[in-house]
Amino acid sequence: MGFFKSVFCFIVIFFLFLSSTSATVVSHDGRAITIDGQHRVLLSGSIHYPRSTVEMWPDLIKKAKEGGLDAIETYVFWNVHEPQRRYYDFTGNLDLIRFLKTIQDEGLYAVLRIGPYVCAEWNYGGFPMWLHNMPGVELRTANDVFMNEMKNFTTLIVDMVKKEKLFASQGGPIILAQIENEYGNVMSSYGDAGKAYVDWCANMAESQNIGVPWIMCQQSDAPQPMINTCNGWYCDQFTPNNPNSPKMWTENWTGWFKSWGGKDPHRTAEDVAFAVARFFQTGGTFQNYYMYHGGTNFGRTAGGPYMTTSYDYDAPLDEYGNLNQPKWGHLKELHAVLHSIEKPLTEGNITNIDLGNSVYATIYATPEKSSCFLGNTNQTSDATVVFQGNSFSVPAWSVSILPDCKTEEYNTAKVNTQTSVMVKKPNQAEDQPAALNWKWRPESIDDTALHGKGHASTHQIIDQKTAANDASDYLWYMTSVDLKGNDPIWSDNMTIRVNGSGHILHAYVNGKLVGSQWAKYGVFNYVFEKNVKFNRGKNLITLLSATVGFQNYGPMFDLIQSGVIGPVEIIGRKGDETVIKDLSTRKWNYRVGLHGYDHKLFKVDSPLASRWQSEDLPLNRMMTWYKTTFKAPLGTDPVVVDLQGLGKGEAWVNGHSIGRYWPSFLAEEGCSTDACDYRGSYDNNKCVSNCGHPTQRWYHVPRSFLQDDLNTLVLFEEFGGNPSLVNFQTTVVGSACGNAYEKKTLELSCHGNPISAIKFASFGAPEGSCGSFQKGACEGSNDAVPILEKACVGKESCSINASEDIFGSTNCDANVTRRLAVEAVC
Ligand SMILES: *[C@@H]1O[C@H](CO)[C@@H](O)[C@H](O)[C@H]1NC(C)=O
Ligand SMILES: *[C@@H]1O[C@H](CO)[C@@H](O)[C@H](O)[C@H]1NC(C)=O
Ligand SMILES: *[C@@H]1O[C@H](CO)[C@@H](O)[C@H](O)[C@H]1NC(C)=O
Ligand SMILES: *[C@@H]1O[C@H](CO)[C@@H](O)[C@H](O)[C@H]1NC(C)=O
Ligand SMILES: *[C@@H]1O[C@H](CO)[C@@H](O)[C@H](O)[C@H]1NC(C)=O
Ligand SMILES: *[C@@H]1O[C@H](CO)[C@@H](O)[C@H](O)[C@H]1NC(C)=O
Ligand SMILES: *[C@@H]1O[C@H](CO)[C@@H](O)[C@H](O)[C@H]1NC(C)=O
Ligand SMILES: CC(=O)N[C@H]1CO[C@H](CO)[C@@H](O)[C@@H]1O
């Protein structure tokens with residue numbers, strides 16, 4: 001008895017001990033977030049759990065920690081968690097709790113942006129379609145139906161998280177939570193109801209009692225105690241709306257997203273670092289990278305319209321989880337310097353000095369230590385400034401950080417990190433034939449295109465969101481029209497005209513395709529018109545509409561119509577005379593989805609598995625299913641499938657959807673051939689690439705989708721394509737270019753593979769960039785190439801100091817900032 005009693009007591013005391021010591025107090029004042037009373041510099045990065053796999057999470061979070069982050073931020077994606085009202089899914093990569101625990105296991109903090117409106121280039125901004133279809137609902141405004149659902153979901157998430165003790169107040173990793181998202185950008189369109197809604201959001205959030213602060217981003221009138229925060233390319237000009245709120249930047253866009261038909265956006269490491277350093281120079285203390293890892297829009301989760309399957313975002317970790325160098329490493333160094341001056345930054349007295357020509361010094365002074373920033377916001381003019389008796393060179397559009405106000409430890413424009421050039425390697429699995437062997441089967445469209453059979457009907461044309469409830473990308477609109485012999489419409493020139501709003505239309509008359517049309521990126525309304533030979537008598541008109549992600553942003557974005565919006569007309573033209581027959585109010589039958597999807601042809605164990613044929617493989621045939629098997633590439637490097645040659649559709653590996661594909665959609669023209677200049681304000685049209693090439697040719701196949709032996713790839717080809725070029729590849733570092741200023745250490749790594757050769761090396765004033773380095777006007781007296789060969793070849797990584805001791809004295813002018821540049825082949 002005594003024994004059990006004492007064990008019981010021990011357990012009770014143990015738990016009391018745990019909960020009382022591990023609870024963390026998160027608060028803030030006008031300077032910074034405080035954690036257990038300590039002012040903190042917090043560097044955070046967005047990683048969205050559904051955009052990678054459970055198996056990838058630990059590695060991504062480890063790399064984020066190694067990159068110097070304190071916290072991981074994520075949205076919560078309502079429409080994938082509650083696909084039907086009150087039916088929930090938190091399995092696989094939707095396991096939010098497991099994701100938060102993975103963050104906790106790595107010892108990082110978490111920022112939970114519940115939204116539940118999230119934007120995020122996510123389908124319909126994260127709203128479930130059933131919500132749109134609820135009677136009487138109006139989204140994102142003071143509407144009881146909506147507020148009730150929003151509160152219900154928010155409470156569900158908060159309760160789940162509380163149950164697992166994941167808020168910092170309970171000893172967990174979550175230090176901040178967010179309600180709503182960028183509402184301030186659209187609020188004016190909602191009038192007074194918008195203001196009432198924001199107040200309601202704040203009260204509802206407060207009533208959840210989570211014990212950590214709530215934030216509202218882009219909400220200048222956020223009611224206390226909500227902290228309003230800034231999103232943007234730069235946030236140095238931002239001031240919070242209350243003296244007690246710290247200056248926080250919740251979305252620093254590390255790059256930008258990509259759309260079908262759009263170019264590849266890039267944001268340089270120098271400019272991202274500049275924006276962050278400026279933010280801290282001007283009093284910021286919390287900042288979050290949007291995105292730190294962008295990842296993949298698997299399945300039908302891409303937002304829209306027209307967001308690509310890749311959500312790489314040019315983030316510090318690329319879509320597959322590789323380090324995006326030099327961005328990752330350059331920011332890592334910045335984080336280390338910022339953390340080293342946490343106390344002066346968050347507690348010091350601030351003095352700003354204008355040094356002229358857009359150069360500013362900022363001193364953060366505490367009795368023990370002073371730290372300084374020298375910021376040059378001039379876009380063109382490099383500066384040499386004398387500051388507190390020392391001379392510093394501060395390149396245009398850069399910030400230097402001097403932790404002791406004397407020595408420059410970091411400058412945003414001086415990149416000491418290697419540039420990794422990623423390449424794709426062919427699948428080297430054993431017995432993998434060069435070309436895949438395909439089977440195929442047609443998508444059966446006879447019921448619809450030929451017979452007009454639907455599941456529901458109305459006497460009007462309705463929005464695809466309402467008719468299909470987002471159960472599928474595909475919706476058939478079908479009607480029939482009797483054209484009597486004496487109808488005044490008859491002429492030699494008869495057309496069908498359809499007013500559509502995206503995104504893709506295939507029009508059939510009497511079972512025959514008359515034409516297809518899709519929207520251009522950015523202009524989603526279109527009018528389709530084609531000549532048709534109609535029958536005298538009954539004619540069946542069937543319109544297959546396909547959506548490519550629902551609108552996720554903008555005032556009242558949720559109301560923008562999709563699919564066929566009408567009118568649908570038959571037009572007869574005789575000379576100057578035009579007769580129009582409007583079919584819009586006829587009886588329309590609707591059918592959601594396609595047969596192949598209903599029968600789950602993409603599943604390995606689909607019941608119709610036997611009906612695939614190997615003979616007469618069709619090329620460029622619309623509405624066709626293709627299937628093949630392949631061996632997984634050896635090793636652990638990330639795997640991609642090259643879908644060059646295909647049109648548009650969806651792809652599955654072993655039954656997992658890897659997303660929509662559309663390689664036939666070429667990125668628009670208009671890329672500059674000039675090297676990308678990091679100087680000057682960034683926007684997403686600067687430093688673009690990939691013009692005129694398939695918008696997205698390679699698709700991520702996470703390793704966890706693959707098995708050792710045979711794997712199955714299924715494609716649904718909607719437009720018609722040629723699968724003969726399809727192949728699997730791995731992404732690896734092809735070459736690594738290092739750059740180190742004098743007295744810094746150059747580090748090179750092939751990330752797991754050995755360095756095989758040194759293609760270029762010079763210490764002095766080398767010119768050009770990775771892949772096109774050249775010797776400059778001056779150089780060290782020792783030949784740099786053999787020195788690097790000795791230090792690096794055969795090793796996975798190596799490091800060497802950029803110094804005269806090693807490379808010999810140089811004949812450089814005194815004003816040259818000497819550096820070592822190296823290109824290594826992996
Ligand atoms: C959400 O709504 C359901 C009824 O649809 C109710 O049973 C449940 O308690 C609600 N949840 C919360 C947290 O209010
Ligand atoms: C940048 O420097 C140039 C050259 O010194 C000068 O003409 C220009 O006015 C400066 N621009 C700003 C915004 O300070
Ligand atoms: C900071 O400012 C306060 C008030 O002006 C002053 O009393 C204090 O000495 C300053 N501290 C430092 C380290 O400059
Ligand atoms: C039919 O009429 C349209 C509109 O006037 C015209 O553009 C088109 O060329 C005509 N087609 C034929 C086949 O006559
Ligand atoms: C197509 O529909 C849109 C939205 O209802 C409307 O604004 C537009 O005028 C229509 N276009 C035509 C040609 O009817
Ligand atoms: C580089 O120089 C530092 C001192 O400046 C020294 O500690 C370090 O060992 C050197 N590293 C290499 C790789 O030579
Ligand atoms: C360095 O000074 C020389 C003259 O001494 C001059 O020709 C050269 O342009 C200067 N270079 C730089 C980078 O300022
Ligand atoms: C106002 C604005 O452009 N907001 C965007 C901020 O960036 C996020 C992430 O790309 C988008 O979701 C928002 O649309």
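One-based numbering along the sequence shown.
- Taking 4.0 Å as the cut-off between side-chain N and carboxylate O, Glu650 and Arg660 do not count as a salt-bridged pair.
- The minimum heavy-atom distance linking Trp233 with Ala275 is given by the pair O-CB, 3.7 Å.
- Using modelled atom types and a 3.5 Å distance limit, the side chains of Gln460 and Thr585 yield no donor-acceptor pair.
- Ring centers of His656 and Phe602: at least 6.0 Å apart, outside the cut-off.
- Below 30°, between 30° and 60°, or above 60°: for Phe665 and Tyr306 the angle between ring planes is above 60°, a perpendicular geometry.
- Summarising the local packing, NZ of Lys600 is surrounded by 12 or fewer heavy atoms from other residues, nucleotides or ligands at distances under 6.0 Å.
- For an aromatic pair to be called close, the ring centres must be under 6.0 Å apart, and Tyr290 with His48 satisfies this.
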For this session: Give the intermediate values and the outcome of ring-ring contact (aromatic ring centres under 6.0 Å, His included) for residues Tyr183 and Tyr190.
Result: CA-CA 10 Å; Tyr183 191 65; Tyr190 297 85; 5.5 Å; yes
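- The side-chain hydrogen bond (donor to acceptor under 3.5 Å, both in side chains) test with Arg300 singles out one residue from Thr309, Asn123, Asp470, and that residue is Asp470.
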Problem set entry | Criterion disulfide (SG to SG under 2.5 Å) on Cys235 and Cys230, from CA distance to verdict | CA-CA 6 Å; Cys235 280; Cys230 173; 2.0 Å; yes
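- Of all non-hydrogen atoms in Ala667 and Gly262, the two that sit nearest each other are CB-O, 3.1 Å.
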For this session: Could you check Ser562 against Asp463 for side-chain contact (heavy atoms from CB on, under 4.5 Å), going step by step and ending with a plain yes or no?
Result: CA-CA 6 Å; Ser562 307; Asp463 188 341; 3.9 Å; yes
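- Side chain to side chain, Arg51 and Asn297 meet the donor-acceptor criterion of an N or O pair below 3.5 Å.
- Using cut-offs of 30° and 60° on the angle between ring planes, the pair Tyr508 and Trp476 is tilted.
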For this session: Carefully, step by step, assess Phe127 and Val118 under the rule side-chain contact (heavy atoms from CB on, under 4.5 Å).
Result: CA-CA 8 Å; Phe127 282 139; Val118 298; over 6 Å; no
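- Asn143 contributes atom CG, which lies 10.0 Å from atom CH2 of Trp200 (distance to the nearest 0.5 angstrom).
- Of the N and O atoms on the side chains of Glu718 and His506, at least one donor lies less than 3.5 Å from an acceptor on the other residue.
- Applying side chain to side chain contact (heavy atoms under 4.5 Å, CB included) to Leu505 and the options Tyr477, Tyr526, Trp518 leaves one that passes, Tyr526.
- We find the OG1-CG distance between Thr479 and Asn539 to be 11.0 Å, quoted to the nearest 0.5 Å.
- Atom NE2 of His266 sits about 6.0 Å away from atom CG of Asp314, to the nearest 0.5 Å.
- Asn93 approaches Thr53 most closely through the heavy-atom pair CB-CA, 4.2 Å.
- Distance check: Gln464 CD to Met129 CE gives 9.0 Å after rounding to the nearest 0.5 Å.
- A cation-pi arrangement is present between Arg140 and Tyr117 under the rule of less than 6.0 angstrom and at most 45 degrees off the ring axis.
- Counting non-hydrogen atoms of other residues, nucleotides and ligands closer than 6.0 Å to CG of Asp144 gives a total of 12 or fewer.
- When ring centroids are compared, Trp652 and Tyr597 come within the 6.0 Å threshold.
- Distance check, rounded to the nearest 0.5 Å: CD of Glu180 to CD of Gln219 gives 7.5 Å.
- Residues Met226 and Asn228 are not in side-chain contact: their nearest non-hydrogen atoms beyond the backbone lie 4.5 Å or more apart.
- Taking each heavy atom of Asn181 and Cys119 in turn, the nearest pair found is ND2-CB, 3.7 Å.
- Close placement of the Phe77 and Trp122 rings is indicated, their centers lying within 6.0 Å of each other.
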For this session: List the steps and the verdict of salt bridge (Lys or Arg N to Asp or Glu O under 4.0 Å) for Arg586 and Glu569.
Result: CA-CA 11 Å; Arg586 300 186 66 81; Glu569 297 157 317; over 6 Å; no
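- Between the side chains of Glu319 and Ser310, at least one donor N or O lies within less than 3.5 Å of an accepting N or O.
- By the neighbour-count criterion of 12 heavy atoms within 6.0 Å, atom CG of Asp598 is densely surrounded, having more than that number from other residues, nucleotides or ligands.
- For the 3.5 Å distance criterion, the side chains of Trp249 and Glu251 fail to qualify, holding no donor opposite an acceptor.
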For this session: Begin from the C-alpha positions of Ser44 and Gln287 and carry the test side chain to side chain donor-acceptor pair (under 3.5 Å) through to its verdict.
Result: CA-CA 6 Å; Ser44 165; Gln287 86 91 36; over 6 Å; no
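- For NZ of Lys151, the number of neighbouring non-hydrogen atoms (other residues, nucleotides, ligands) closer than 6.0 Å is 12 at most.
- Side-chain contact, Thr250 with Asn231: a donor N or O sits under 3.5 Å from an acceptor N or O.
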Exercise. What's the verdict on side-chain contact (heavy atoms from CB on, under 4.5 Å) for His455 and Tyr590, showing C-alpha distance, side-chain angles and the deciding distance?
Worked result: CA-CA 6 Å; His455 297 327; Tyr590 293 88; over 6 Å; no
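- Between Thr229 atom OG1 and Glu182 atom CD the span is 9.0 Å, to the nearest 0.5 Å.
- Using cut-offs of 30° and 60° on the angle between ring planes, the pair Phe257 and Tyr313 is tilted.
- Across Glu717, Gln696, Lys648, a single residue satisfies side-chain hydrogen bond (donor to acceptor under 3.5 Å, both in side chains) together with Tyr661, and that is Glu717.
- Relative orientation of the Tyr124 and Phe557 rings is perpendicular, given thresholds of 30° and 60° on the angle between their planes.
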For this session: Under the side-chain contact (heavy atoms from CB on, under 4.5 Å) rule, what do Thr695 and Thr308 come out as? Steps first, then yes or no, please.
Result: CA-CA 8 Å; Thr695 320; Thr308 54; 3.9 Å; yes
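- In plain terms, the two heavy atoms of Pro240 and Ser245 that are nearest each other are CG-O, 3.2 Å.
- At a cut-off of 3.5 Å, with distance as the only test, no side-chain donor of Trp214 or Gln178 sits close to an acceptor on the other residue.
- Using bins of under 30°, 30° to 60° and over 60° for the plane-to-plane angle, the ring pair Phe146/Tyr197 lands in the tilted bin.
- Neither side chain, His503 nor Asp473, offers a donor N or O lying under 3.5 Å from an acceptor on the other.
- Under 3.5 Å, the side chains of Glu121 and Tyr553 contain no donor-acceptor pair of N or O atoms.
- Under the 3.5 Å distance criterion, with hydrogens and angles disregarded, no donor-acceptor pair is assigned to the side chains of Asp221 and Asn241.
- In terms of heavy atoms, Met150 sits closest to Cys201 at CE-SG, 3.7 Å.
- Salt bridge present: Lys258 and Asp264 bring a charged side-chain N and a carboxylate O closer than 4.0 Å.
- Relative to the six-membered ring of Tyr234, Arg267 meets both conditions, a distance below 6.0 Å and an angle of at most 45° to the axis.
- A donor-acceptor contact under 3.5 angstrom links the side chains of Asp89 and Thr91, judged on distance only.
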For this session: Any chance you could lay out the side chain to side chain donor-acceptor pair (under 3.5 Å) test for His595 and Asp447, step after step, and finish with the verdict?
Result: CA-CA 10 Å; His595 281 282; Asp447 284 1; 3.1 Å; yes
